[in-house]
Amino acid sequence: MFGAHINDPHEWMREQEQRTAALMAKAQDAQERLAANSVTHSSADRVVSVTVNPGGGLTGLTLSPEAERMRHGQLAALIQATYTQAARMAAARTMEIMSDLVGGDSEALDIVRRSMPADPEPDDRPRPRPHLDDDEGFGGVYGKGDRR
């Protein structure tokens with residue numbers, strides 16, 4: 001078939017069964033590796049630690065006691081940056097696993113590649129915010145200076 005001459009149909013059938021079995025084993029291995037592809041990543045200062053699943057879904061968030069001393073905006077930016085990095089790591093591992101299964105230039109891998117979170121721009125890094133009052137500029141319930 002397809003330009004090849006089949007001398008022994010039974011031998012050809014055995015070869016096809018072996019190829020199918022090998023492909024099934026490879027697919028099973030990829031499925032197990034994908035299922036185990038949970039990534040935990042911590043911020044450089046270890047204040048934030050996030051865990052994501054292979055699809056980038058947040059499955060765990062841990063904050064160190066130092067987080068209580070951070071401004072809300074600062075902490076939110078740190079959580080977001082840490083999450084984005086963890087999601088990129090999970091997506092990269094997913095791409096490795098899929099590449100082993102379908103090849104590095106496959107259309108299926110392109111779909112995964114397009115769904116990866118973008119690299120953060122240098123301007124997207126968390127920055128210290130200017131000092132605000134204790135309520136981070138919200139003025140408290142009674143407004144500035146009118147605390148009961």
Side-chain angles (χ1 to χ4, degrees), residues 1-6 8-141:
M1 289 188 161
F2 304 107
H5 184 71
I6 301 173
D8 181 358
H10 296 290
E11 179 63 28
W12 180 86
M13 190 61 145
R14 277 190 297 276
E15 288 175 6
Q16 295 308 312
E17 287 172 352
Q18 288 172 349
R19 286 186 188 127
T20 301
L23 184 56
M24 293 299 289
K26 199 173 183 180
Q28 178 66 31
D29 177 61
Q31 185 177 9
E32 290 170 5
R33 290 172 60 202
L34 285 170
N37 183 17
S38 177
V39 172
T40 299
H41 180 69
S42 296
S43 59
D45 57 9
R46 311 300 258 177
V47 171
V48 173
S49 181
V50 298
T51 302
V52 298
N53 65 23
L58 184 67
T59 60
L61 172 64
T62 305
L63 304 175
S64 74
E66 288 78 27
E68 292 179 24
R69 292 186 278 283
M70 295 179 75
R71 299 201 175 282
H72 294 150
Q74 243 181 331
L75 182 58
L78 187 58
I79 291 169
Q80 182 64 47
T82 306
Y83 163 78
T84 299
Q85 186 61 32
R88 286 195 56 74
M89 292 167 67
R93 283 189 191 166
T94 297
M95 287 181 57
E96 280 178 32
I97 294 166
M98 293 301 294
S99 179
D100 290 347
L101 181 63
V102 299
D105 59 349
S106 78
E107 190 174 323
L109 199 57
D110 285 340
I111 292 169
V112 175
R113 191 176 290 116
R114 286 191 300 265
S115 69
M116 285 182 66
D119 276 326
E121 296 294 322
D123 293 329
D124 290 346
R125 292 184 310 246
R127 289 193 181 94
R129 294 181 11 178
H131 179 72
L132 301 172
D133 71 351
D134 290 343
D135 294 313
E136 294 197 39
F138 295 110
V141 175

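Not counting sequence neighbours, the partners of Ala67 by the side chain to side chain contact (heavy atoms under 4.5 Å, CB included) test are Val47, Leu63, Leu75. Residues forming a salt bridge (charged side-chain N to carboxylate O under 4.0 Å, His left out) with Glu11 (at least two apart in sequence, or on another chain): Arg14. Take Arg19 and apply the salt bridge (charged side-chain N to carboxylate O under 4.0 Å, His left out) test, not counting sequence neighbours, and it matches no residue. Applying the salt bridge (charged side-chain N to carboxylate O under 4.0 Å, His left out) rule to Glu66 yields the partners Arg69; only residues at least two apart in sequence or on another chain are considered. Taking the salt bridge (charged side-chain N to carboxylate O under 4.0 Å, His left out) definition, one finds that Asp29 meets it with Arg33, sequence neighbours left out.
For residues 47-60, every residue pair satisfying the side-chain hydrogen bond (donor to acceptor under 3.5 Å, both in side chains) rule, not counting sequence neighbours, is listed here: Thr40-Thr51, Ser42-Ser49.
Ser43 places no side-chain N or O within donor-acceptor distance of the main-chain N or O of Thr82, the cut-off being under 3.5 Å. Of the possible polar contacts, one joining the Tyr83 side chain to the Gly56 backbone as a donor-acceptor pair under 3.5 Å is found.
With values rounded to the nearest 0.5 angstrom, Met95 atom CE is found 9.0 Å from Arg88 atom CZ. Expressed to the nearest 0.5 Å, how far CG of Leu61 lies from CD1 of Ile79 amounts to 5.0 Å. To the nearest 0.5 angstrom, Met13 atom CE is 9.0 Å from Thr20 atom OG1.
Residue Val52 comes nearest to Ala90 through the heavy atom pair CG2-CB, 3.9 Å, listed as atom of the first residue, atom of the second, then distance. In terms of heavy atoms, Ala86 sits closest to His41 at CB-CB, 3.7 Å.
Atom CD of Glu68 has 12 or fewer heavy atoms from other residues, nucleotides or ligands within 6.0 Å.
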